[in-house]
Amino acid sequence: MPIPDAATTMSGSLLVLSIVVPVAGVLLAFLLGERYVRLIALLTLPPGLAIAAAVLVALPQGNGHLVYLLGGWSPPLGVALRADGLSAVMLAITAVVISGVAMFATADFRPADGAARAPFAFWVLLLAIWGALNTSLVAGDLFTFYVALELLTFAAVPLVSLDGRAETLQAAIRYLLFALLGSVLYLLGTALLYGRYGTLDAVLLSQRVASEPATIVAVALMTVGLLAKTALVPLHLWLPPAHAGAPAAASAILSGLVVKGSFFIVLRLWFQVMPGLPGFAAAQLLGALGAAAIVFGSVVALRQARLKLLIAYSTLAQIGYLFLMFPLSLGTSGKLESNGALAGGLHEAVSHAPAKAAMFMAVGT
């Protein structure tokens, strides 16, 4: 069972830097204006990549985990940032994909293009998404997860409608409605857990949760909310028009990375925060929805005439593959275990990010 954090570990400050660097880029872009926004974004890439690499290197030296206590206060009084192997790998792949998309987008989003405020908005939103994703990957409590999800939503939705066309505005509004619904359900679940256990820290909750009606309802609400943001069938209606209608660089980020933010929190919730809950029925349901997503997404993708829609629907199918890990991770006790199935699912998530981003960028050429 995890031990509550008592102090910041060596190299724990890297977790703070992983958030501060892209956020500083956003603030600097607003300060210096549209003329320098692309340069600021490109100059942010090397330190961001270096920090992600440093986390990978520092993790073995910290016994497989890094911790940073904000203000030096331990949970539940304070907020802790944490990183393990999963966080480190996701931080690295996020930095790589963001960097690749940024280099691709230099030709499409130039300040001199005269496309209203689209170039400025794209580069600022790209950095904001990077900061929000990194926050979700190193957060140590359920409320910080919520904050990261909201930041990610309000940075991702405008990317859909950068060109200002009516159909992309409609897709962005639909995306926003599904995302807000997911946020409300997630926040309701966190409120129930806080009222019952008096903390939202992931480590402390994992030691206190019990299989009782209030906990089951809370976890169900949070899971449904996260599935709406991840676009698992049948909560997928927003994804195809949003990902297919956005500019190619934006589609690469949305499909390759943004949906992983909420999926990552689903994994944290079920495998680390609530490991003691019986998960047989939930795992079978998630697996069935995943299988339905594979079949539906693949069949509909093959019927598309537009290449971007084909790739968007294939994302639905590949999201389904990610959820097959849940029934495959069930142990003999009927509870979820961190076994080979989890490792395989994480490998699929990590490999899907650059592959799908590359597909959308190829279409953009």
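Along the sequence shown, residues are numbered consecutively beginning with 1.
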J.: Find the distance between CG (Leu307) and CZ (Phe360) and round it off to the nearest 0.5 Å.
T.: 8.5 Å
J.: Mind running side chain to side chain donor-acceptor pair (under 3.5 Å) on Ser136 and Arg268 for me, showing each step along the way?
T.: CA-CA 10 Å; Ser136 69; Arg268 288 292 194 211; over 6 Å; no
J.: Establish, yes or no, whether a centroid distance under 6.0 Å links the rings of Tyr321 and His352.
T.: no
J.: Taking the side chain as C-beta and beyond, is there a heavy-atom pair between Thr44 and Trp130 under 4.5 Å?
T.: yes
J.: Is Leu204 linked to Leu77 within one hydrophobic cluster, defined over Ile, Leu, Val, Met, Phe, Trp and Tyr using a side-chain heavy-atom separation of less than 4.5 Å?
T.: no
J.: Are the side chain of Tyr197 and the backbone of Ala210 linked by a donor-acceptor contact shorter than 3.5 Å?
T.: yes
J.: Check the pair Thr190, Leu193 against side chain to side chain contact (heavy atoms under 4.5 Å, CB included), reporting the backbone distance first and the verdict last.
T.: CA-CA 5 Å; Thr190 58; Leu193 289 178; 5.7 Å; no
J.: Would you check, one step at a time, whether the test side chain to side chain contact (heavy atoms under 4.5 Å, CB included) holds for Val233 with Leu289?
T.: CA-CA 6 Å; Val233 171; Leu289 292 177; 5.7 Å; no
J.: Once rounded to the nearest 0.5 Å, what's the spacing between atom CG of Leu69 and atom CG of Leu81?
T.: 8.5 Å
J.: Considering residues, nucleotides and ligands other than Phe296, do more than 12 of their heavy atoms fall under 6.0 Å from its CZ?
T.: yes
J.: Show the numbers, then the answer: is there a side chain to side chain contact (heavy atoms under 4.5 Å, CB included) between Leu205 and Tyr194?
T.: CA-CA 9 Å; Leu205 270 177; Tyr194 185 77; over 6 Å; no
J.: Is there a side-chain contact between Ile19 and Val23 in this structure, where contact means two heavy atoms from C-beta onward sitting under 4.5 Å apart?
T.: yes
J.: Grab the two heavy atoms, one from Ala293 and one from Leu316, that are nearest each other, plus how far apart they are.
T.: CB-O, 3.6 Å
J.: If hydrophobic clusters are built by linking Ile, Leu, Val, Met, Phe, Trp and Tyr wherever their side-chain heavy atoms come under 4.5 Å apart, do Leu187 and Leu142 end up in the same one?
T.: yes
J.: With distance as the sole test, does Lys308 use its side chain to make a donor-acceptor pair with the main-chain N or O of Ala246 at under 3.5 Å?
T.: yes
J.: Out of curiosity, Leu322 CG to Leu286 CG, how far, rounded to the nearest 0.5 Å?
T.: 12.0 Å
J.: Would you call Val259 and Leu254 a side-chain contact if the rule is heavy atoms closer than 4.5 Å?
T.: no
J.: Nearest heavy-atom pair of Gly25 and Ile40: which atoms, and what distance?
T.: O-CG2, 3.6 Å
J.: Specify the closest pair of heavy atoms between Leu56 and Val89, including all atoms of both residues, with the distance to one decimal.
T.: CD2-N, 4.1 Å
J.: Within a strict 4.5 Å, meaning less than it, do heavy atoms of the Lys356 and Ser314 side chains meet?
T.: yes
J.: So does Asp201 pair up with Arg82, basic N to acidic O under 4.0 Å?
T.: yes
J.: Could you give me the CA-CA distance, side-chain angles and deciding distance for Phe120 and Phe30, then say whether ring pair (Phe, Tyr, Trp, His ring centres under 6.0 Å) is met?
T.: CA-CA 9 Å; Phe120 179 79; Phe30 278 109; 5.5 Å; yes
J.: With side chain to side chain contact (heavy atoms under 4.5 Å, CB included) as the test, would you mind laying out the steps for Val219 and Trp270 before giving the verdict?
T.: CA-CA 9 Å; Val219 175; Trp270 279 98; 3.5 Å; yes
J.: Closest heavy-atom contact between Ala29 and Val124?
T.: CB-CG2, 4.0 Å
J.: State, yes or no, whether a side-chain contact exists between Phe323 and Leu227 at a heavy-atom distance under 4.5 Å.
T.: yes
J.: Just verifying a value: how many Å separate Thr315 OG1 and His243 NE2, rounded to the nearest 0.5 Å?
T.: 7.0 Å
J.: Hey, would you say the Phe326 and Phe271 ring centroids sit under 6.0 Å apart?
T.: yes
J.: Give the cluster check for Val57 versus Ile51: same hydrophobic cluster or not, with ILVMFWY residues linked at side-chain heavy-atom distances below 4.5 Å.
T.: no
J.: Does any N or O in the side chain of Glu348 come within less than 3.5 Å of the main-chain N or O of Gly344, such that one atom is a donor and the other an acceptor?
T.: no
J.: Supply the atom-to-atom distance Leu188 CG to Ser183 OG, rounded to the nearest 0.5 angstrom.
T.: 11.0 Å
J.: Do other residues, nucleotides or ligands put more than 12 heavy atoms under 6.0 Å from the CD atom of Glu150?
T.: yes
J.: Taking a hydrophobic cluster as the set of Ile, Leu, Val, Met, Phe, Trp and Tyr residues connected by side-chain heavy atoms closer than 4.5 Å, whether directly or through intermediates, do Val55 and Leu49 fall within one such cluster?
T.: no
J.: Could you pull out the closest heavy-atom pair between Ala102 and Leu126, with the gap in Å?
T.: CB-CD2, 3.9 Å
J.: Should Trp238 and Leu176 count as side-chain neighbours, where that means a heavy-atom distance under 4.5 Å?
T.: no
J.: Okay, side chain of Lys260, backbone of Gly256: is any donor-acceptor separation there less than 3.5 Å?
T.: yes
J.: So, does Ser329 use its side chain to make a donor-acceptor pair with the main chain of Met325 at under 3.5 Å?
T.: yes
J.: Side chain of Thr215, backbone of Ser211: donor and acceptor closer than 3.5 Å?
T.: no
J.: Please tell me if the side chains of Leu42 and Met103 come closer than 4.5 Å, counting only heavy atoms from C-beta onward.
T.: yes
J.: Other residues, nucleotides and ligands only: do more than 12 of their heavy atoms fall within 6.0 Å of CZ on Arg306?
T.: yes
J.: Treat each ILVMFWY residue as a node, draw an edge where side-chain heavy atoms are under 4.5 Å apart, and state whether Leu149 and Phe263 are in one component.
T.: yes
J.: What's the shortest heavy-atom distance between Pro47 and Leu43, and which atoms?
T.: CD-O, 3.2 Å
J.: Tell me whether Ser255 contacts the main-chain N or O of Ser251 through its side chain, where contact means a donor paired with an acceptor under 3.5 Å.
T.: no
J.: Is Phe122 close to Val37 at the side-chain level, that is, under 4.5 Å between some pair of heavy atoms?
T.: no
J.: Supply the atom-to-atom distance Leu137 CG to Phe145 CZ, rounded to the nearest 0.5 angstrom.
T.: 9.0 Å
